[in-house]
Engineer: 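Next up is a structure, given as structure tokens.
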Amino acid sequence: MEHQKLTAFPDDFLWGSASAAYQVEGAWQEGGKGESVWDRFVRIPGKTFKGTNGDLAVDHYHRYKEDIALMKEQGLKTYRFSVAWTRIFPNGRGEINQEGLAFYMDLIDELIKHDIEPMLTLYHWDLPQALQDEYQGWESRQIIEDFTNYAKTLFEAFRGKVHYWVSLNEQNIFTSLGYLLAVHPPGVTDPKRMYQVNHIANLANAAVINAFHEMDMPGKIGPSFAYTPNYPIDSDPKNILAAENAEDLMAHYWMDVYMWGKYPIAAMKFLEEQGWAPTIEEGDEELLASAKPDFLGINYYQTATNAFNPLDGVGAGKMNTTGKKGSSEETGVPGMYKKVENPFVERTNWDWEIDPEGLRIALRRITSRYRIPVLITENGLGEYDKLTEDKKIHDDYRINYLESHVKAIKEAISDGAEVLGYCTWSYTDLLSWLNGYQKRYGFVYVDQDETQEGSLDRYKKDSYYWYQQVIRENGANI
Ligand code: BG6
């Protein structure tokens with residue numbers, strides 16, 4: 001649809017940026033913090049790019065005031081961050097670690113003092129190792145109670161201060177990378193376990209959303225889903241069906257549950273045939289259907305283009321975590337779909353497809369299917385950046401990326417989508433879980449390399465100033 005004139009962004013549109021505890025905080029053994037599964041996993045040789053870890057990360061734990069001052073100067077309306085469960089409950093449950101709670105209280109107060117709306121993610125993958133050891137973490141239903149208890153602790157502590165809450169960050173990613181591809185903790189390859197873990201995570205997500213509403217919390221809560229809209233490579237009906245399969249198995253399989261409490265029919269049939277379907281106990285369906293998120297968070301980076309894949313076809317291939325363009329392997333689910341290169345889009349050095357139109361398509365699809373407001377909780381470009389001798393970073397490629405995506409949001413709003421806000425990934429440069437420090441996403445450059453050498457000084461990139469202008473004009477000139 002071509003519009004004569006685009007609809008303006010709403011006055012209260014949340015222009016923001018995001019991070020996650022493990023990727024920025026550091027201070028992994030300070031303030032009474034317990035060990036998380038990521039603290040443990042990164043120590044296994046060969047798991048991360050050049051063995052990088054978040055022990056120090058970008059030292060946000062000690063530098064948050066400096067980072068927030070930069071946000072204020074830029075004009076950010078919201079900052080999305082996650083709480084490390086192990087700072088609140090070092091062993092996942094039991095006694096509250098007051099020092100951990102105080103750290104986040106200070107961070108939140110600092111944001112509020114600077115008129116920045118805190119947006120809090122309850123879970124961004126750093127599960128307490130103690131719960132993994134005790135009952136295998138997400139594999140046990142015990143986690144529903146423990147996660148809900150942890151969430152309620154934060155609800156009580158930050159009631160009235162935090163109005164935007166993200167329950168689970170990218171459940172689709174942490175379950176599949178943890179239990180299918182074995183590249184995240186606990187490093188398992190077992191589809192049956194993956195779908196079981198995922199079902200339990202759905203229940204925990206629903207329980208926490210219900211708790212939020214039962215406690216009559218002022219504000220909104222929703223999950224953040226990593227949505228990669230699927231396209232067919234061409235109009236061959238076989239390829240169209242492959243794209244439908246991918247959309248059902250890779251997207252509706254999560255979003256339908258969040259919104260309707262129901263798994264999609266065709267995907268579930270496929271899982272049953274493979275013997276991978278989760279065990280659904282009495283009461284589960286009721287719990288899933290009872291939870292009503294206030295918004296759907298989406299993390300959007302790219303689209304996927306699909307073709308027919310026979311039962312003896314391509315399976316999971318290796319991802320590009322080195323930044324060597326073209327090094328990712330072919331990947332698919334035999335009998336469902338395989339991913340192929342889209343000839344119409346460019347790719348980053350990590351082989352992620354750059355497709356702003358895909359964001360508009362994502363927002364359109366969600367709006368039509370679920371009729372729910374959307375909060376874009378992540379979107380951004382991971383690339384190499386260069387600090388010049390005069391301490392500048394000319395990241396025009398990032399500006400192009402972000403600008404085209406903001407335009408796509410404006411178009412989607414003009415199409416009728418309700419979008420509450422836009423958080424870029426990420427605020428400062430940070431640790432990219434598997435890709436080290438060289439894959440940079442921030443508006444703010446952090447002086448540090450893979451060996452963690454560097455001053456950790458912060459420098460504003462060109463994109464920092466570009467976003468400052470966009471916020472000042474409320475996107476009017478996009
Ligand atoms: C999302 C995550 O998957 O994408 C972030 O929520 C992550 O934590 C981001 O960093 C970018 O992915 P990557 O692998 O490039 O760091």
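Each ligand, and each atom within it, is numbered from 1 in the order the structure gives.
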Engineer: If you measure from the Lys or Arg side-chain nitrogens to the Asp or Glu carboxylate oxygens, is any gap between K77 and D12 under 4.0 Å?
Structural biologist: no
Engineer: Could you check whether E383 and Y401, counting side-chain N and O atoms only, form a donor-acceptor pair closer than 3.5 Å?
Structural biologist: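 Absent: no donor and acceptor within the cut-off.
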Engineer: Given a heavy-atom cut-off of 4.0 Å, could you list the residues near ligand 1 in chain and number order?
Structural biologist: Q23, H124, W125, N169, E170, N299, Y301, W352, E378, W425, S432, W433, N435, K439, Y441
Engineer: Would you list the pairs meeting salt bridge (charged side-chain N to carboxylate O under 4.0 Å, His left out) in which at least one residue belongs to residues 442-455, sequence neighbours left out?
Structural biologist: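 Listed by first then second residue: nothing to list.
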Engineer: Please work out which of the three classes, parallel, tilted or perpendicular, describes the rings of Y422 and W15, given edges at 30° and 60°.
Structural biologist: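 Aromatic pair W15/Y422 classed perpendicular.
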Engineer: Suppose we screen for side-chain contact (heavy atoms from CB on, under 4.5 Å). Which residues come up paired with K339, at least two apart in sequence or across chains?
Structural biologist: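 By the side-chain contact (heavy atoms from CB on, under 4.5 Å) rule, K339 matches A304, N306, T331.
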Engineer: According to side-chain contact (heavy atoms from CB on, under 4.5 Å), who are the partners of V257, at least two apart in sequence or on a separate chain?
Structural biologist: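 Here the qualifying residues are N202, Y263, L288.
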